[in-house]
Every structure is written in structure tokens, then in C-alpha cells.
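As the structure is a prediction and not an experimental result, all values here were calculated from the model. Values below: all heavy atoms of this structure, side chains included; hydrogens, waters and symmetry mates excluded. In what follows, chains carry the letters A, B, and so on, assigned in the order in which the sequence lines appear, proteins first and then strands, with residues in each chain numbered from 1.
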Amino acid sequence: MTDYLVRLNPEQREAVETIDGPVLVLAGAGTGKTRVLTTRFAHILLTKRAFPNQVLAVTFTNKAAREMRERVAAILGSPAEGLWLGTFHALCARMLRRHAPLVGLTSSFSILDSDDQIRLLKQVMQAAGLDAKRWAPPAMMGIIQRWKDRGLASGSVPPNEDTDFANGQAKEIYAAYQSRLKAVNAADFGDLLLHVTEILRGHPDVLEQYHRMFRYILVDEYQDTNVVQYLWLRLLAQRSRNICCVGDDDQSIYSWRGAEVENILRFEHDFPGAKIVRLEANYRSTAPILAVAAGLIANNEGRLGKTLRPGRTDATGEKVSVVGLWDSDEEARMVGDRAEGLRRDGNSLAEMAILVRTGAQTRAFEERMMTLGIPYKVVGGLRFYERAEIRDAIAYVRLVNQPADDLAFERIVNVPRRGVGEQALRSIHVRARELGVPLLDAAAALIAQGELRGRVKEGVGALLQGFSRWREILSRDGHQVMLATLLDECGYTDMWKQDKSPEAPGRLENLKELVRALADFDTLAGFLEHVSLVMENEENSQGERISLMTLHAAKGLEFDTVFLPGWEEGLFPSQRTMDESGAKGLEEERRLAYVGLTRARRLAIVSHAANRRIYANWQTSIPSRFIEELPDEHVERIGSAAMQRDRMITAPSVFSNGFGGQFPLVARRPKVIESWEQPGRPARPSTIPVGARVFHQKFGYGTVTATQDDRLDIAFDKAGDKRVLDRFVEAATV
DNA sequence: AGTGGGACGCTTTTT
DNA sequence: GCGTCCCACT
């Protein structure tokens, strides 16, 4: 009956069994945080303290929510239905649909994606006469979002805030943006939290309802909450005070997105009498990795204090490697070769990851993996629902669902081309404003009155007729048939069939996938909610692949081997972060490094290059200060940081560069380690001849200019000259 | 209205 | 180095 408790260590057990009153669980990396959270959830249900729908469980990502749902179900032995378990945004969307009229929306409001947000804001800024070059709409969006993160509605931004941006009109822009959102019956991501918090604050009866419902509250990743999320939680928890927050102040890496570490640091103050439980036994990493991570993070101030200790008796292991290299190419080669070597020794590629500071760094590694023929996956890049063709298709669906969705109308009215240019669109806008109707109806009115002519009339007329037909099909044959018909009839599929670009076939494939995905939903509205809130990849073709991702994307994951390249001043810690946020920014960068190190179970390989290409030109850099902070006794330095620093900074005159030793010298290639160059793969002549037209997944179409065994030199039409393995290309059909 | 070329700016990111 | 945006040309 309670065997699920026996599997916990004493501190985990305390975190699970302290059910009543506020609890803060400080859970270091790899200490069984998720296990505690899910077991606690199950424990509440199994001890009959609450029904499943009386527990509110909040996560940041859909992935974490899904995982918790599955694990709770596993402990309960049955699928957990009717739970209030989800991301902050999903839960708030659900609440807001119930009370939308209280903030001037209807319950069918649309949730805008970032494209829509920017487009809407751009219109608002244009109307205010702001030069988009001087004041970038995305920057303005950032300011508005930070305000929303702090729980500030457009009327309550303090007078002394951000008066210089947008000629001091920032607050007016914010207000205008909000009224446009209301006019098109839409909410952006920030609104979901902000609106619900306002409702809970201003309507005691509604708050009362939720107080009666939620007897226990569980919060994951508490260190990442922003002010509005904190306010929302505090409102909901103020009656029962049964709130359990799990987090790790050392892994707070989202302050630039509005997260406030202070929330976790202040927990005891906010919830007097709170019980603090520390989870410090790490079951993930070897002792040297833990020691190195601990040594690094000890350089931060203002921590709640927590020391990871090895939780396994077999936690001995290799030292952390720190490798100094000449340039970023050599770094990519080192990583590729070591990955290949590990694979030869029987290690799975799925258990290796390359974690970088910025997304742009992945490219060099991608190319290297391709050359070596090592399968890889980039985690996080463009997500399925962010692809242009998917957004277009969804805009059509949104219009079927809600004819008043003006943003969707604007997106697709001329996609595929229907001859609707700036002029035509403007007259539709004018008419819409005159009549006080949505753009779709305004367009119909213009056609009825013969004010649109020729191609435009034909095109838009057919589109409008299409919408009434597609709505019929929807009610008769269901949403899947409707979307398939719609995409064919509106000309969208044909548009991509006629497109000769290398991406077009993939886009058609994605559209098919979208139609297929529709089958998983009972209603069109349910599907749209999912699309708005779950911006994630379809399970990234799993299997035997090395993972490439940013450090941010790696939080919560773990691998046997972790490569941590690019530990150089300016890149990591990021100069930009230090400029913008000073000492606090530096500490956050250090936490990011800590997150990176603690992802590794057995092997962590840190590296830094003396020269790196940034944008178009080469830049010389010195090793990251974080490298010096790693405790020596657990680190093996190869091509040591100190040596490189000497050579480049303090003794440049050793080499003559013709500039009087004025520049950091980068004259010769110090061959630090010979063994990276692995013996080649067995040579095998390629079957593809010089001159052949070929197609490559990433680079598109090209012509073979030379071959050497199974390596091909190819002049790609778009991507330029590359050398790739022949198995990565196929004969082109055109 | 649609296309193509050049200038520009940007690279934490999740919902 | 690449994608986006704007403008000039067709």
C-alpha cells in the first residue's frame, strides 16, 4: 500500500509526507525532484486527503506536465483524469475561458502566437506615428511582456518607468495594444496570467470558488516563477496555505524572461512557518563532476545554501576535462572525434549531448557531425507549430472557427496570392472600421457593392465562398476532412507543389502531418488550444543520435557524456548579459554553467577555443573565468587555459606578426593533442559521379564538383561549396 | 502586384 | 552568415 514511500530517502520522504502547511523543497540537480513531486501528489490522493480535481499542480513546460501526469498515473495504477495539472499558461487559459467576460473577452478568445503579437503591435506603433527603424516592435513587445511578467496591467505601470522608449509613449502603446487585443477578442501569453490574476483580485466570489476547490497546490521549478505567477499562486494559496514549491535557486536561469529568484529566496517570509526541506543527495553524477559543479557555484553570493553530495556508493569517476583549442573548427573536430571514440567503445550516441550557450553555435557542430557521419538531432530549433506553412494552415482553421479573427485573415488573405496588395487590404480595413465588422465581413461587403474588381474580386470571392463551404463540411464530416479539403480548395497545397525550393516537399509533408494530428482531438477548439499552448516538436525522431542544444534547453535533462564547448569570456559568460545585468547577470551565467555540468552522469568535457568566427569575422578570445573557478583536483586540463592565456596576452611578442606585437597573436597552430585525429573510415569509392545533380537534406540542391572516396565536394545552389559524405545526398530528380 | 537585390541586425527562450 | 525587411524595378 505504501511501498511507494519506501523507495524514498529520508529527506525525500519528509518532503512527501509534510502535507499540511507551506513547504519549500530545495532540490539540487539530480536529487529526485520529480520523484518527490509526483509521489507527493499520489500520496495526497492515496491518503484520501483530496480528490484528484482538488489538487492544483503547476509546471513550466508541457513536457514536465506530461511527465508528472504519467508518473502519477503509474503510482495510482490508473490514468489520472480531471486533474488541474498543467503549465501556468494552460491552467490560466482554462480559468480565463470560464471568466472571460470579466475582462471584456468572450470565452472563445484566441491566444496569439508571437507572430500575431508583433504584427498587432506593429500596427499600433505605426498608428502612433513611430518609426519602426528607430523603435523596433519586438523591443517594445519585450517591454510590455516584462510589465506583464510583473503583474502590471496597462493602467498600473508606475509613472517613472521606461519613459524614453518610443519617444516616451511606451505606456500609451501598451494601452493601445491592449485595447486592440480586446477588439479582436484575443489574449497573448502574458495576458493569460495577468487577466486571471486581476479576476481573482477583483472578484472575491470567483476567488472563493477556487479556494474551495484547491485544497493542495504543488509547484515545480519555483525558482523560475515571475511576479505575476507568484501573485497568482499566493492568491490561490492564501486560504489553505497548503502550498508546496519545489525548486533550486542555483538553477535559476530565466531572469531575462522575468523570473525572479527572489520568489524562492523570500518563500519563508511570504509563508511564515514554512517548512524547508533540502534534497542534497545526488543520484546522477560522479563525485568529481559534483565537486567541480559545487566549486563553481560556490562563487555565487546570495544562495540559500545547499551542497550536493554523491548519493551513490559507486560514484567514483573520471575527472572533468578542460580542453584548450586553437579555433572553433578544431573544437568541433575534437568533440566529433571524442564522440566517435566513445561510440566505438560501446557508448550510445543517445547518451551524449553538446550543450552550447547560444543557438548559433550549433551549426559548426552540425557540419562536423555530418562530415563524420554521426547522427545528431538539434533540440529546440524551429518547432513544428512555428513553421510558416503550419501557421498559415492554422490561420485558415482559426478563421473557420472564428470568422472575426482579423489577424488570421490578414495572414492568409493573400496566401496563396490572390492579388490582394496594400491598397486592397487598406480598403477592407477602412470598410471594416466604418461598419464595425470583422475584416472577413468587410471584404464580403466590398464585393457585394462591386468595389473590388478583377483578380482581387475573383480571388477573395472564392475565398469567402470557401469559408462558408468549409464550415458546412466541418459540421457534416468533421474537422479532419474539413482541413484536408480546405488546404486543397484554397490553393495552398498547390502553392507548395509548384514551389521549386528545396524546402517545399518537406512543407507538404508537414501539412499532411498536421491533418493527421487533427485526429487526436475531439473538437476544433480543443485542437486550437493545443496549438496555441503546446509549441513543441513532435517527438524528435528518437534513437541513436547525439543531441545538440542550448544550455537553457538542457535544463531537466541528463546524459552520460556532456560536451560543454565555447567557455570563453564574452561568449560564456555572455558579454551582453554582463553589460545588461552586471554582477547579477554574471551570477546567472554561472548558474547556467552549473546547470550544464550537472547534466552529466559520467563524463563532462569543457572546452574553449582561442579563435572563433562570430558573424563574418574571426575573433580572439581568452578562456572563460569559469574555467579558473573549477577546483583543480578534479579537473584534467589539456592544452591548459593558463598556457593559452600566456601565449596570447602576456607574451605576444614571441611571434612576429608585423604589427609590432600590438595584437593578440594568433600566428601558429599549436598542435596540442595529436590523438584527436582518428584513423579514417574505410575508404569506399562513391557511386555518385562528378557533375551529378544531388539533393541534400540541409543544403538543398547542388552539383558534384569532385569526389574522393565517399566524400563529395558539392557546389550547392544556395548553400555554397561544401564537402559531405555521399550517404547524406541523393540523386536529384530535377 | 510581384520579384529580386542590397542593407541591416542579430543570436539566451518558453508558454 | 543568415534571415528579414525595405525599396526599386518590372
Side-chain angles (χ1 to χ4, degrees), chain A residues 58-65 86-93 111-115 117-118 122 131-133 136-139 141-142 145 148-149 187-194 221 224-226 228-229 253-259 355-364 367 379-383 385-386 388 414-425 454-456 459 503 529-537 549-556 566 570-578 580-581 585 588-589 591-593 595-596 613-618 699 718-720:
Chain A
V58 199
T59 64
F60 270 86
T61 65
N62 291 292
K63 203 173 144 213
T87 63
F88 278 100
H89 293 89
L91 293 166
C92 282
I111 300 169
L112 299 190
D113 65 31
S114 54
D115 267 15
Q117 290 177 37
I118 296 291
K122 223 184 215 164
D131 177 11
K133 281 223 175 95
M141 199 68 240
Q145 258 156 14
K148 290 185 177 180
D149 288 341
D188 66 16
F189 277 110
D191 284 341
L192 297 175
L193 267 300
L194 192 58
E221 307 275 18
D224 285 335
T225 50
N226 59 33
V228 71
Q229 288 160 340
I253 55 175
Y254 283 110
S255 75
W256 48 271
R257 210 170 76 191
L355 309 182
V356 294
R357 177 64 183 83
T358 73
Q361 285 169 263
T362 57
R363 185 169 293 125
E367 297 198 358
V379 179
L382 242 209
R383 286 171 289 272
Y385 292 120
E386 280 175 357
N414 204 32
V415 181
R417 304 248 127 92
R418 297 189 179 90
V420 182
E422 209 188 326
Q423 292 297 327
L425 192 58
R455 218 150 63 89
V456 184
E503 303 92 50
E529 191 88 339
H530 170 84
V531 171
S532 315
L533 295 169
V534 186
M535 278 285 187
E536 70 185 13
N537 263 331
M549 68 188 95
T550 63
L551 287 158
H552 284 94
K555 196 167 78 160
L571 180 62
F572 191 38
S574 145
Q575 192 57 51
R576 188 173 158 180
T577 302
M578 290 189 294
E580 284 170 7
S581 318
E588 180 149 318
E589 294 285 301
R591 290 194 291 268
L592 202 47
V595 167
R613 218 207 315 250
I614 294 184
Y615 307 139
N617 34 14
W618 286 91
F699 303 133
K718 295 234 165 81

Gap between atoms CH2 and C1', on A:W618 and C:dG1 respectively (whole Å): 13 Å
Spacing of A:E367 atom CD relative to C:dC2 atom P, expressed in whole Å: 8 Å
Value in whole Å for how far the P atom of B:dT14 lies from CD of A:E221: 13 Å
Residue A:R417, side-chain heavy atoms: nucleotide from C:dC2, B:dT11, B:dG2 that is nearest: B:dG2
Sugar-phosphate only, base, or nothing, as touched by A:N414 at under 4.0 Å among non-hydrogen atoms: sugar-phosphate
Atom-pair distance (CD on A:Q575; C1' on B:dT12), nearest Å: 15 Å
Nucleotide nearest A:H89 (side chain, heavy atoms from C-beta), chosen from B:dT15, B:dT13, C:dC2: B:dT15
Euclidean distance, A:F572 CZ relative to A:L592 CG, rounded to 0.5 Å: 4.5 Å
Residue A:F189, side-chain atoms from C-beta onward, closest of B:dT15, B:dT13, B:dT14: B:dT15
Side chain to side chain, A:F189 and A:Q117, heavy atoms closer than 4.5 Å: yes
Protein-nucleotide distance (A:L112, atom CG; B:dT15, atom C1'), rounded to Å: 13 Å
Pairwise 5' ranking along DNA chain B for A:F60 and A:A360, keeping only the more 5' one: A:A360
Rounded distance in Å - OH (A:Y254) to P (B:dT15): 8 Å
Sugar-phosphate, base or nothing in reach of A:R357, heavy atoms under 4.0 Å: base
Over all atoms of both residues, closest heavy-atom pair of A:G86 and A:A65: CA-CB, 4.0 Å
Presence of salt bridge, A:R257 and A:D149, under 4.0 angstrom: no
Closest to side chain of A:T61, choosing from B:dT12, B:dT13, B:dT15: B:dT15
Touch class at under 4.0 angstrom, heavy-atom based, for A:F88 against every strand present: nothing
Residue met sooner reading DNA chain B from 5', once A:G419 and A:R576 are mapped to nucleotides: A:G419
Residue pair A:E589 / A:P573: nearest heavy atoms and the distance that separates them: OE1-CA, 3.3 Å
A:N62 vs B:dT14: side-chain N/O to OP1/OP2 distance below 4.0 Å: no
Selection from B:dT11, B:dT12, B:dT15 that lies nearest to any side-chain heavy atom of A:T87: B:dT15
Atom pair distance, as rounded to whole Å: CD in A:Q423 and C1' in B:dA1: 11 Å
Nearest-Å distance for atom pair CD1/P, residues A:I253 and B:dT14: 10 Å
